[in-house]
**Student:** 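First the structure, then my questions, so here it is.
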There are 2 protein chains.
Amino acid sequence: MSAMPTPQQNHLLAALPVEVQQRLFLNLELIPLPLGKILYESGDALRHVYFPTDAIVSLLYVMENGASAEISVVGNEGLIGVAVFMGGESTPSRAVVQSAGYAYRLLGKQFKAEVNRHGEMLHLMLRYTQALLTQMAQTAVCNRHHSIDQQLCRWLLLSLDRLPGDQLTMTQELIANMLGVRREGVTDAAGKLQKLGVIEYSRGHIKVLDRPRLEQLSCECYAVVKKETDRLLHYMPARPGSQFSQFSQLSR
Amino acid sequence: MSAMPTPQQNHLLAALPVEVQQRLFLNLELIPLPLGKILYESGDALRHVYFPTDAIVSLLYVMENGASAEISVVGNEGLIGVAVFMGGESTPSRAVVQSAGYAYRLLGKQFKAEVNRHGEMLHLMLRYTQALLTQMAQTAVCNRHHSIDQQLCRWLLLSLDRLPGDQLTMTQELIANMLGVRREGVTDAAGKLQKLGVIEYSRGHIKVLDRPRLEQLSCECYAVVKKETDRLLHYMPARPGSQFSQFSQLSR
DNA sequence: TTCTATCCGTGCGCTAACGCACGCAGTCAT
DNA sequence: ATGACTGCGTGCGTTAGCGCACGGATAGAA
């Protein structure tokens, strides 16, 4: 609602040199991303890349038997469609909107053209891709070794970092799909968090009351990824007036 | 043993244009990789990249509590050290030799210099990185949803693909570390496979007797990664009229 | 040969997570 | 206000994998 998103709300776009921005921004197209929208399916040839401003998109892997698992989350710190510049043009995963909002999108061709100038865009994309790699690796390990309780905390923090405020709109069923666990498992874990006074849950609305505690209860995976992402994409300090200080509040 | 490995045994090196090979091969250094050797630790600044000829290297993630999990396997189809050209210079994982052999290594600086020519080397590396990404994503999903039995099959196949012959030298303890499970779990799963006549196991020596059966018993993850890796790295030259024709734009 | 370190098999109790089923409570449209 | 639908809580029994502990087997060294 309210103010129209600007391209600079996406951290990658914002980090580009002015001249690159000037070239690119003309071709950007603002697209609303409603909850549940699928940006691409597993194996689809990618026509566009998306730079979220305030939406969150999950990279979800769906298996033959229908079971699924999230392998990565992308918000305004990143982009969807790295496969375009990596050369594969498609990936075996699905990109689905997890939290409604907007994204700027760019034609694959135009994106590639800019990358092929071998300037800052290329290097930014490379570093972002490494951050993505880190997130996936950590997800793999987390899936192996950590309890649902811990993973829920991690997941909430990941989402929180990509949203303004302390509210999420998210049913337990959806979270379960992302984590690749049962819905009841999420109910259980969320119930514990609520009893501890860390969150408030009600019919698809979550309010985080005690973020520090959430970080304590989470597994190390959250902090590791955050630290590494910070290191790789050490953006300029958050612009004045921006409440999206996702890369500035690592405690511990 | 005996014959000295050639750089061309590594698929990536072999896939490079002759002129690039001529530039690079002078700087390659043949390095023996004994079992268990650690090429780099989590967080280490990477001095070299390694192109295995006949060794297998695991990217292993070790957690705070000591638990571990393999996030990727690299043999003669790839290289160790993508972080060098991605810009991060380090990763939060450990690279450890899982099967002894040789690798050619190259100074990070020289590797970067070649990549920075923005020629075939860059594009090859990008496609390889996407293959790596795919492997990690699949590992994450596999860790979530598949049984130890299935994962063992997958793991054996991955190793087999990177070795000549049908023999592996690998204790169950080591496999357990890679899969991030108990040693007893591996004993169990391997016992079943042996009863089925699929493998022969004896004190760190595995002989695969029935590979087709192994593929049947494995989860889909093996086939998915293999197919995608093939797509990304084998069928590189864009054929006219193929859906990868946009590809040539990047590859030139 | 004999010793010893390593590797592998096995049994037992335990826990986390699963699959299923049911029921209640908000929420929204009529 | 009424009904229906969605989202959440709960209580089973079941199972895969864990942690531990011990014991047998095999290879390589003394």
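What you see is a predicted model; the values in this text were computed from it and never measured. Letters go in sequence order (proteins before strands), and every chain restarts at 1.
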**Student:** Could you check whether Ser68(B) and Arg94(B), counting side-chain N and O atoms only, form a donor-acceptor pair closer than 3.5 Å?
**Tutor:**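 The answer is no; no qualifying pair exists.
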**Student:** Just by distance, with hydrogens left out, do Glu77(B) and Thr229(B) show a side-chain donor and acceptor under 3.5 Å apart?
**Tutor:**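 No, Thr229(B) and Glu77(B) have no side-chain donor paired with an acceptor closer than 3.5 Å.
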**Student:** Roughly how many Å is it from CZ in Arg183(B) to P in dG9(C), rounded to a whole number?
**Tutor:**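 Taking CZ of Arg183(B) and P of dG9(C), I get 8 Å after rounding.
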**Student:** In whole angstrom, give the distance that lies between atom CZ of Arg144(B) and atom C1' of dA16(D).
**Tutor:**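 Atom CZ in Arg144(B) sits about 14 Å away from atom C1' in dA16(D).
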**Student:** Identify whether any heavy atom of Gly185(B) sits under 4.0 Å from a base atom; if not, whether one sits that close to sugar-phosphate; answer base, sugar-phosphate or nothing.
**Tutor:**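 Result for Gly185(B) = nothing.
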**Student:** Nearest-Å distance, CG (Leu193(A)) to C1' (dC8(D))?
**Tutor:**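 From Leu193(A) CG to dC8(D) C1': 15 Å.
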**Student:** Does some side-chain heavy atom of Asp54(B) sit less than 4.5 Å from a side-chain heavy atom of Pro164(B)?
**Tutor:**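 With C-beta onward as the side chain, the pair stays apart.
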**Student:** What is the distance, to the nearest angstrom, from the CD atom on Glu184(A) to the C1' atom on dA21(C)?
**Tutor:**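 Taking CD of Glu184(A) and C1' of dA21(C), I get 10 Å after rounding.
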**Student:** Pairing donors with acceptors under 3.5 angstrom, does anything connect the side chains of Arg154(B) and Gln151(B)?
**Tutor:**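 Short answer, no.
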**Student:** State, with a plain yes or no, whether a side-chain heavy atom of Asp188(B) is found less than 4.5 Å away from one of Ile148(B).
**Tutor:**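 Counting from C-beta outward, Asp188(B) and Ile148(B) never come under 4.5 Å.
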**Student:** Please state how far atom CD in Gln172(A) lies from atom P in dA25(C), giving the value in whole angstrom units.
**Tutor:**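 Answer to the nearest Å: 17 Å.
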**Student:** To the nearest 10 degrees, how far apart in direction are the end axes of the helix from dT1(C)-dA30(D) to dT30(C)-dA1(D), each fit to five base pairs?
**Tutor:**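 For the helix from dT1(C)-dA30(D) to dT30(C)-dA1(D), the axes at opposite ends meet at about 30°.
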**Student:** Checking side chain to side chain contact (heavy atoms under 4.5 Å, CB included) for the pair Asn76(B)/Thr53(B): CA distance, chi angles, key distance, verdict?
**Tutor:** CA-CA 5 Å; Asn76(B) 65 346; Thr53(B) 57; 5.5 Å; no
**Student:** Would you mind reading off the distance between Arg203(A) atom CZ and dT27(C) atom C1', rounded to a whole angstrom?
**Tutor:**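 Taking CZ of Arg203(A) and C1' of dT27(C), I get 6 Å after rounding.
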**Student:** From NZ of Lys195(B) over to P of dC8(C), roughly how many Å is that when rounded to an integer?
**Tutor:**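 About 16 Å, once rounded to whole Å.
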**Student:** Looking at Arg182(B), does any N or O in its side chain come under 4.0 Å of the phosphate oxygens OP1/OP2 on dG17(D)?
**Tutor:**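 False: Arg182(B) side-chain N/O out of range (4.0 Å or more) of dG17(D) OP1/OP2.
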**Student:** Within this structure, what is the CD-to-P distance between Glu173(A) and dC20(C), rounded to whole angstrom?
**Tutor:**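 From Glu173(A) CD to dC20(C) P: 14 Å.
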